[in-house]
Amino acid sequence: MVNRLIIESLAVRCFRNIERIDFEPTPRLNVLAGDNGQGKTSLLEAIYFLATSRSFRAERMRELVREGDPSASVKASVLEQSDRREQRAAISGGRRNLKLDGKTPERLSSYATRTPVVVFHPGDLQLGSGPASVRRTLLDRVALYFEPIAMDHRLRYTRASKERQRVLEERGSEASELEVFETLMARHGCHVQAAHRRAAERLSVALTPAFQRMAAPDLVLGVRFAPGGSEDQAEFLEALRGRRRADMRARRPGFGPQKDELELTIDGRSVRRHASQGQLRILTLALKLAELECVREARQAHPILLLDDVSSELDPDRTGAVYRFVREAVCQVFVTTTRPELFTTPDLEPGERLDWRLSGGVLSAVSGA
Ligand SMILES: Nc1ncnc2c1ncn2[C@@H]1O[C@H](COP(=O)(O)OP(=O)(O)OP(=O)(O)O)[C@@H](O)[C@H]1O
Ligand SMILES: [Mg+2]
């Protein structure tokens, strides 16, 4: 059975331009309308932060805290089938504080996988055309739900990698402490590598039919995982030892899962270099649908879907496909738009859609919508 997942109530405090929002979304479709710069993306980001402890657009946690305030928080009551839980994510002094039913979770990953969420925002158009790091993050998101421990390995790997780099730059390639950090990197890095590969395989299975449904049927999508490191711990360690001087010069490690790539081709040509605008959009949508499918399968729950301003980035046909999908999806959905009148949902029951308006970070219900 696939669980239903619903945010029953949400309290946002001092998050971006939102001083205070308390609201009770509907279990189906919530349309958040408002002019530019009023806080629509910020509210979606608050939901994403609550669910994952991260942002889909901020580089630093501090950016999320409302200017002039010391801390930000998002709290929600979440219903999964018949189980109700309270989640709270806060940032204070640049640090996160997470609570599940009032208790600090043992691992970051156990918090971040509790309420699965999939977001589609304008930055996602980079998925096909952007740097490899964008697609690696996608692999990380998929891996997180299939094997939450991968996130803990990745954090440990990154920490050890930074330490090794520091030692290399401060003490040179013969420093004795390098051994301990390289051992840690090899131990955790091979797990991260394997998790990336498995995520790529799962994504690929869901991606091919999703792409075919939306694209011209004769276009052939190719998906290939190109590893940046090794899944073999001994081989990983050997490679690190052999690369000390090169990594010192480059000021970053040149071997490991931080170099993994999900290579995408259409009709044998690299998507990054050759795909047309239309093909990139279709591919982005297909990647998102594949991500949703993977998360649903891994977590056995319908993820909460956040759609940020899709119509401004997609052409009308593609926007229509997204909206059709939203109407058919069993998920709780939050959609932002500057043009709510264009987002018609005749096939939803009246109580299934609620319209809200955001203005200067303040949310109000639109009556009679
Ligand atoms: N930490 C912060 N403190 C206060 N205000 C912030 C902070 N971060 C962003 N803002 C402001 O919040 C406002 C709302 O931004 P947001 O991205 O949510 O707008 P939006 O409604 O999604 O607009 P658009 O339709 O243009 O995408 C912006 O004016 C932005 O400058
Ligand atoms: Mg926005």
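As the structure lists them, so they are numbered: ligands from 1, and atoms in each ligand from 1.
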[X] N/O under 3.5 Å from ligand 1 N/O:
{"X": "Thr338", "value": "no"}
{"X": "Arg66", "value": "no"}
{"X": "Asp309", "value": "no"}
{"X": "Gly37", "value": "yes"}

* Asked: Which one holds for Val65 and ligand 1: side chain close, backbone close, both close, or neither close, with close meaning a heavy atom under 4.0 Å?
  ->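 For Val65, only backbone atoms sit under 4.0 Å from ligand 1.
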
* **Pairs involving residues 227-238, ordered by first then second residue, that meet salt bridge (Lys or Arg N to Asp or Glu O under 4.0 Å) (sequence neighbours left out)** =>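 Passing the test, one end in residues 227-238: Arg197-Glu231, Glu238-Arg241.
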
* Residue pairs involving residues 331-344 (criterion salt bridge (Lys or Arg N to Asp or Glu O under 4.0 Å); sequence neighbours excluded) -> Arg339-Glu341

* To do: Only heavy atoms count here, so choose which of Arg62, Glu63, Glu19, Lys40 is nearest to atom 21 (O) of ligand 1.
  =>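 The residue whose heavy atom sits nearest atom 21 (O) of ligand 1 is Lys40.
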
* To do: Step through the shown structure and confirm whether more than 12 heavy atoms of other residues, nucleotides or ligands are within 6.0 Å of CD on Glu24.
  =>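 No, not enclosed.
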
* Give me the protein N, O or S atoms that fall under 2.8 Å of the Mg ion (ligand 2), sorted by chain and residue number. =>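 Within the sphere that stays under 2.8 Å of the Mg ion (ligand 2), the protein atoms of type N, O or S are Thr41 OG1.
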
* To do: Just say parallel, tilted or perpendicular for the rings of His188 and His153, cut-offs at 30° and 60°.
  => tilted

* **Close approach, Arg57 and ligand 1, non-hydrogen under 4.0 angstrom** => yes

* 4.0 Å heavy-atom contact, Gly34 with ligand 1 -> no

Mind listing the side-chain donor-acceptor pairs of residues 252-262 below 3.5 Å, one per line with the distance, residues two or more places apart or on another chain?
from, atom 1, to, atom 2, distance (Å)
Gln258, OE1, Tyr157, OH, 2.7
Gln258, NE2, Pro253, O, 3.1
Gln258, NE2, Phe255, O, 3.1
Asp260, OD1, Gln193, NE2, 2.8
Asp260, OD1, Gly228, N, 2.6
Asp260, OD2, Gln193, NE2, 3.1
Asp260, OD2, His196, ND1, 2.7
Glu261, OE1, Arg135, NE, 3.0
Glu261, OE2, Arg135, NH2, 3.0

* Asked: Are Leu285 and Val271 co-members of a hydrophobic cluster defined by side-chain heavy atoms under 4.5 Å apart?
  ->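 Val271 clusters together with Leu285.
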
* Numbered atoms of ligand 1 (with element) below 4.0 Å of Gln38, judged on heavy atoms -> 19 (O), 20 (P), 21 (O)

* Asked: At a 4.0 Å threshold, what atoms of ligand 1 neighbour a non-hydrogen atom of Thr41?
  -> 17 (O), 18 (O), 20 (P), 22 (O), 27 (O)

